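Have a look at the structure below, then the notes.
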Number of protein chains: 2
Amino acid sequence: MLTREADYAIRALLRLAQLEGDRVLSTTRLAEEMLIPYRFLRRLTLKLEEHGFVESARGKHGGLRLARPAEAISLLDVIQLMHPESVAFNQCLVDEASCARSPECTVRRTIADIQAEVHHQLAGVTMATLAAVPKEE
Amino acid sequence: MLTREADYAIRALLRLAQLEGDRVLSTTRLAEEMLIPYRFLRRLTLKLEEHGFVESARGKHGGLRLARPAEAISLLDVIQLMHPESVAFNQCLVDEASCARSPECTVRRTIADIQAEVHHQLAGVTMATLAAVPKEE
DNA sequence: GAATAATGATACGTATAATGTATCATATAA
DNA sequence: TTATATGATACATTATACGTATCATTATTC
């Protein structure tokens, strides 16, 4: 399950992907448009900036823009940044030492295969993909 | 991420799937063999029984066995019983009313598609599938 | 029939994390 | 110089995952 934080991050980045040129959008408007709690978004965008997903302009008429092409930001990227565990399918696939069983155990291998497939799919959807969908949102 | 409860349930059912005939296995041994905390397993098996996954025999030499064929118990079945949220990929896919956005929003539809694919895969792996793997566990 | 070994049912405790809010500092445009 | 923006943290509140504990009931075996 996506956390709200990851969900909000995806929606915020999607909106920024829709901006033209090097326009910026303020966090205030971003929060309003995407129905995200303002203060939550503020904290969240700091992390996005820290990790090179967005750039910010301070002061009046400041705001945010993507720091890299929308094609270069996948759902997997965002989720792994915001909440790595939500794309891990079992504890042992995050922390090997957390499980006393064999690393080759049937359950682990089976779950790992499914996880790999999901990661592949999540990596295939980028902010450009989402932004290209005729908007209904 | 699978919860420990779901993980344990899968491992317990897998072990029971390996029993021959209508043999039973006690919770004590099941816990030992599959490295599951005994009391946790006790509570967990009640739920499995309540929902028709296992049958129990009480008294001395009692224990548990599968209540239906191993082929008829998929990973999806078990996870959905133990922890439905862990196979839901977003809050809005569990509780429509939790989100004020359009049901047709891009993010929701995209995540829903990926969720459907994962469910398909989880439904394709049964306790019989797992039990058939040459054991290394 | 008493002792033993098993499950049935439920209640309790604790630590972590998700979600959201608040505060103060800093930068920039008009 | 004022207003509007972000930078950086700290705080509060639930919810829940995980594990433990307790008492009752059933069936086998000697």
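Keep in mind the model is a prediction, meaning the values are calculated, not measured. Chain identifiers are assigned alphabetically (A, B, ...) following the order of the sequence lines, protein sequences preceding nucleic acid strands; residue numbering begins at 1 within each chain.
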To the nearest Å, how far apart are B:Leu2 CG and D:dC18 C1'?
15 Å
Mind calculating the distance between NE2 (B:His61) and C1' (D:dC30) to the nearest angstrom?
12 Å
Flag side-chain contact, heavy atom, 4.5 Å: A:Glu55 against A:Glu49:
no
Nucleotide nearest A:Leu46 when distance is taken to its side chain, options C:dG8, D:dA8, D:dT20:
D:dA8
Please give, in whole Å, the distance from D:dT26 P to B:Glu55 CD?
18 Å
More 5' along DNA chain C: A:Leu41 or B:Gly59, using each one's nearest nucleotide?
B:Gly59
Figure out the CD/C1' separation between A:Glu49 and C:dA27, and round it to whole Å.
13 Å
Reckon B:Tyr8 has a side-chain N or O less than 4.0 Å from the OP1 or OP2 of D:dG19?
yes
B:Lys60 side chain, from C-beta outward: closest of C:dG8, C:dA5, D:dC18:
C:dA5
Answer yes or no: side-chain N or O of B:Arg58 and base N or O of C:dG8 forming a donor-acceptor pair under 3.5 Å.
no
Considering only side-chain heavy atoms of B:Arg43, which listed nucleotide, D:dG7, C:dT7, C:dT10, is closest?
C:dT10
Classify the nucleic acid contact of A:Arg39 as base, sugar-phosphate or nothing, counting any heavy atom under 4.0 Å across all strands shown.
base
With the side chain of B:Ser26 defined as its heavy atoms from C-beta on, choose the nearest nucleotide among C:dT7, D:dT22, D:dG19.
C:dT7
Interatomic distance where CE belongs to A:Met1 and P belongs to C:dA17 [whole Å]
18 Å
For A:Arg29, does the CZ atom sit with more than 12 other heavy atoms under 6.0 Å from it, leaving out its own atoms?
no
Compare all side-chain heavy atoms of A:Gln91 with those of A:Arg108 and state whether any distance is below 4.5 angstrom.
no
Between C1' on D:dG7 and NZ on A:Lys47, what's the gap in Å once rounded to a whole number?
16 Å
Residue A:Thr3, side-chain atoms from C-beta onward, closest of D:dG7, D:dT28, C:dT19:
C:dT19
In this structure, which one of B:His120, B:Gln121, B:Gln115, B:His119 forms a side-chain hydrogen bond (donor to acceptor under 3.5 Å, both in side chains) with B:Glu117?
B:Gln121
Do you know the tightest heavy-atom contact between B:Leu41 and B:Ala31?
CD2-N, 3.5 Å
Any side-chain heavy atom of A:Val87 sitting closer than 4.5 Å to one from A:Val118?
no
Presence of A:Ser56 side-chain N/O under 4.0 Å of D:dG7 phosphate oxygens OP1/OP2:
yes
Base, sugar-phosphate alone, or nothing: which one does B:Tyr38 contact when heavy atoms must sit under 4.0 Å apart?
base
Just the rounded figure in Å: distance from C1' of C:dG8 to CG of B:Leu64.
12 Å
Rounded to the Å, how far apart are A:Arg42 CZ and C:dT23 P?
14 Å
Can you check whether any acceptor in the base of D:dG19 is under 3.5 Å from a donor in the side chain of B:Arg4, or vice versa?
no
Would you classify A:Thr45 as touching base, sugar-phosphate or nothing, given that sugar-phosphate means primed atoms plus P, OP1 and OP2, and contacts are heavy atoms under 4.0 Å?
nothing
For D:dT4, does either OP1 or OP2 sit under 4.0 Å from a side-chain N or O belonging to A:Thr28?
no
